[in-house]
Amino acid sequence: MPPLPEAVEGRVVTRFAPNPDFVIHLGNARPAILSYEYKVMYKGKMILRFEDTDPRTKTPLPEAYELIRQDLKWLGVEWDEEYIQSLRLEIYYNIVRELLAKGAAYIDDKSPEEFRRYRNEGMLDNYPPRRRSPEDNLELWDKMLEGHFGEGEAVLRIKTDPNHPDPSIRDWVAFRIIDTSLHPHPITGDKYIVWPTYNFAAAVDDHLMGVTHILRAKEHMQNTIKQKYLYSHMGWEYPHVIHFGRLKLEGFIMSKSALKKLLEEGTGQGLSDPRFATIAGLRRRGIVPEAIRQLMIEVGVKHTDASISYVNLAAINRSIIDPKAKRIMAVFEPVKLVVKNIPWGSRTVEIPYHPSGSLGSRRIMLSGPSLELLVSRSDVELMLRNSVIRLMEAFNITIKEVKHDAIIAYYHSESLEEARKYGAPIIQWVKPENSVKVELVVPEGLDLQRIYGVAEEAARHLKIDELVQFVRVGFARIDSVQAEGDNVKKITAVYAHD
RNA sequence: GCCGCGGUAGUAUAGCCCGGCCAAGUAUGCGGGCCUUUCAAGCCCGUGACCCGGGUUCAAAUCCCGGCCGCGGCACCA
């Protein structure tokens with residue numbers, strides 16, 4: 001990671017400030033992870049701050065506070081202090097009195113249209129509310145707090161350059177009235193009706209919390225300019241800001257509104273739907289935190305938008321999970337395979353869970369002279385093209401007949417060398433006895449495909465969240481295990497990538 | 001429309017501030033080969049980019065100007 005401007009070891013303070021109106025997604029992971037990584041790099045401090053100051057249009061989700069904490073922990077992000085803005089309104093109110101006394105802010109009790117007229121015509125200097133005395137403003141402020149004004153009847157504005165080239169900068173709104181009897185706040189209920197805007201609360205908190213470096217998306221660039229006026233009124237020094245572009249994960253649903261819409265339609269998968277680019281969705285799909293961390297560090301802090309392709313994320317993820325994912329044999333849309341003329345009565349094959357041999361092994365007993373197995377329907381084609389096939393880790397067979405309900409084969413030979421000699425394809429197989437039903441959920445863009453099959457007996461011992469590789473199919477995460485007592489009936493897995 | 005920020009291979013990123021070592025590095029993808037009891041991993045080879053046009057300079061991806069394109073903001077959202 002590139003160094004931070006004017007960063008001193010031990011003195012860097014970063015923050016991650018989500019709005020708890022929803023869970024966090026991959027885009028939020030960027031400021032969260034980078035803030036954390038820089039904190040670690042400079043042995044500083046990181047703050048988690050919930051920005052929940054709009055109970056009306058961005059009503060906080062009560063459970064989101066904890067879900068966000070959980071997601072951050074899962075990502076490996078550790079923060080040192082935590083704040084909730086809705087619990088800090090008195091602090092903001094006190095700053096307001098100071099600003100008002102200094103003549104740096106004023107109560108605007110005219111209509112938005114009236115203000116806009118003065119602002120857009122460059123007449124802001126002469127806007128009557130702007131010219132009010134500090135004493136009158138203080139009095140009006142108290143009236144606001146006491147409830148003399150209804151929603152939309154008064155706001156508090158911070159004085160800026162009244163002729164700033166960007167009109168949106170001019171005398172921005174710092175507080176507005178929200179009728180919390182109509183729109184209660186999940187934490188403070190209807191206790192407060194005068195709420196700070198993002199620019200006020202974030203700016204004040206960044207100072208009070210000693211934040212030295214802000215990492216935020218570039219949609220805040222104009223906000224930085226607005227906030228600097230507040231800092232200059234208060235005589236504060238503005239932190240260093242690093243802006244970066246937006247992040248998109250190709251093929252995933254990212255926008256909050258689209259996610260909410262799908263949730264309402266009832267996808268049955270909730271916030272962790274594997275089609276979502278939410279942290280929970282990616283976790284569900286078998287993406288590990290380290291992969292997200294590496295991706296964020298690679299993407300960095302450029303101003304340009306980045307469109308991440310899933311294969312890229314998958315490649316990083318694969319390199320992390322490949323060494324520790326058990327290889328499990330599973331066949332989908334199973335087809336019966338009958339092997340005849342086996343020269344031995346019974347034999348046990350020992351198959352390592354990983355080609356490296358580092359994950360142990362399981363034993364499978366096979367018995368002759370006639371053996372019934374299951375193979376994947378997708379491999380039938382291979383059997384039509386190749387007369388000799390090797391059953392992985394077992395023996396070789398000759399295909400005799402491909403019928404619609406079964407494949408008849410004869411034992412051919414034992415060794416791998418022999419299979420090579422014939423150029424025999426190697427396929428996975430499942431012994432029907434003690435096998436487990438498996439449902440593989442495959443997210444594909446907006447669709448969720450499900451394919452069904454059976455897995456070998458060893459799959460009975462898989463645990464939820466375990467990452468496995470179904471041989472010749474791909475990596476997947478065990479999502480659920482259905483059992484009756486100790487008897488595992490079925491496992492459901494979510495496909496991660498090949 | 002008005003403010004602001006950007007544009008390096010399919011994707012992501014390095015280099016740009018401090019011009020030459022960049023006929024542009026890395027990862028991933030793609031093509032080919034090797035290896036391998038997986039369509040995984042590993043190894044080798046190849047593929048492919050400095051938005052366009054001017055200018056400054058002995059020399060420009062790097063500096064300047066113009067254009068084009070993309071993104072963000074213009075909220076009593078964050």
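We name chains A, B, ... by the order of the sequence lines, and we start the count at 1 in each one.
Closest to the side chain of Ser309(A), from the set rA78(B), rG10(B), rC39(B), is rG10(B). Nearest nucleotide to the side chain of Pro112(A), out of rC76(B), rU38(B), rA12(B): rC76(B). The Glu298(A) side chain lies nearest to rA12(B) when the options are rC5(B), rA12(B), rA40(B). Closest approach to the Asn312(A) side chain among rG7(B), rA78(B), rA27(B) is made by rA27(B) (side chain taken as heavy atoms from C-beta onward).
Tested against Phe175(A), the residues Phe149(A), Tyr92(A), Phe200(A), Trp195(A) include a single ring pair (Phe, Tyr, Trp, His ring centres under 6.0 Å) partner, Phe200(A).
Distances shorter than 4.0 Å separate some side-chain N or O of Thr53(A) from OP1 or OP2 on rA78(B). Here Arg56(A) reaches the OP1 or OP2 of rC77(B): one of its side-chain N or O atoms lies under 4.0 Å away. Taking only side-chain nitrogens and oxygens, Lys302(A) comes nearer than 4.0 Å to OP1 or OP2 of rU13(B).
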Base versus backbone protein contacts along nucleotides 60-75 of chain B [heavy-atom cut-off under 4.0 Å; B, S, -]: -----------BBSS-
For Watson-Crick and G-U wobble pairs within 3.5 Å on both distances, what is RNA chain B written in dot-bracket notation, | included for inter-strand pairing? (((((((..((((......[....))))((((((.......))))))...(((((..]....))))))))))))....
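Of all the residues in residues 194-207 of chain A, Pro196(A), Thr197(A), Tyr198(A) reach under 4.0 Å from RNA chain B with at least one non-hydrogen atom.
With hydrogens and angles ignored, a donor-acceptor pair under 3.5 angstrom links the side chain of Gln469(A) to the base of rU38(B).
Distance CG (Asp498(A)) to P (rC30(B)): 8 Å, rounded to an integer number of Å.
In this structure, Ser356(A) reaches neither bases nor backbone, as no heavy-atom distance under 4.0 Å exists between it and the strands shown.
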Applying salt bridge (Lys or Arg N to Asp or Glu O under 4.0 Å), run through Glu264(A) and Lys261(A) and close with a yes or a no. CA-CA 5 Å; Glu264(A) 280 161 20; Lys261(A) 188 162 170 275; over 6 Å; no
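Both the sub-6.0 Å distance and the 45° axial angle are not jointly satisfied by Arg117(A) relative to the ring of Tyr127(A). Phe115(A) does not carry Lys110(A) over the face of its six-membered ring by the limits of under 6.0 Å from the centre and within 45° of the normal.
Between Lys218(A) and Asp305(A) there is a salt bridge, since a side-chain N of the basic residue sits under 4.0 Å from a carboxylate O of the acidic one.
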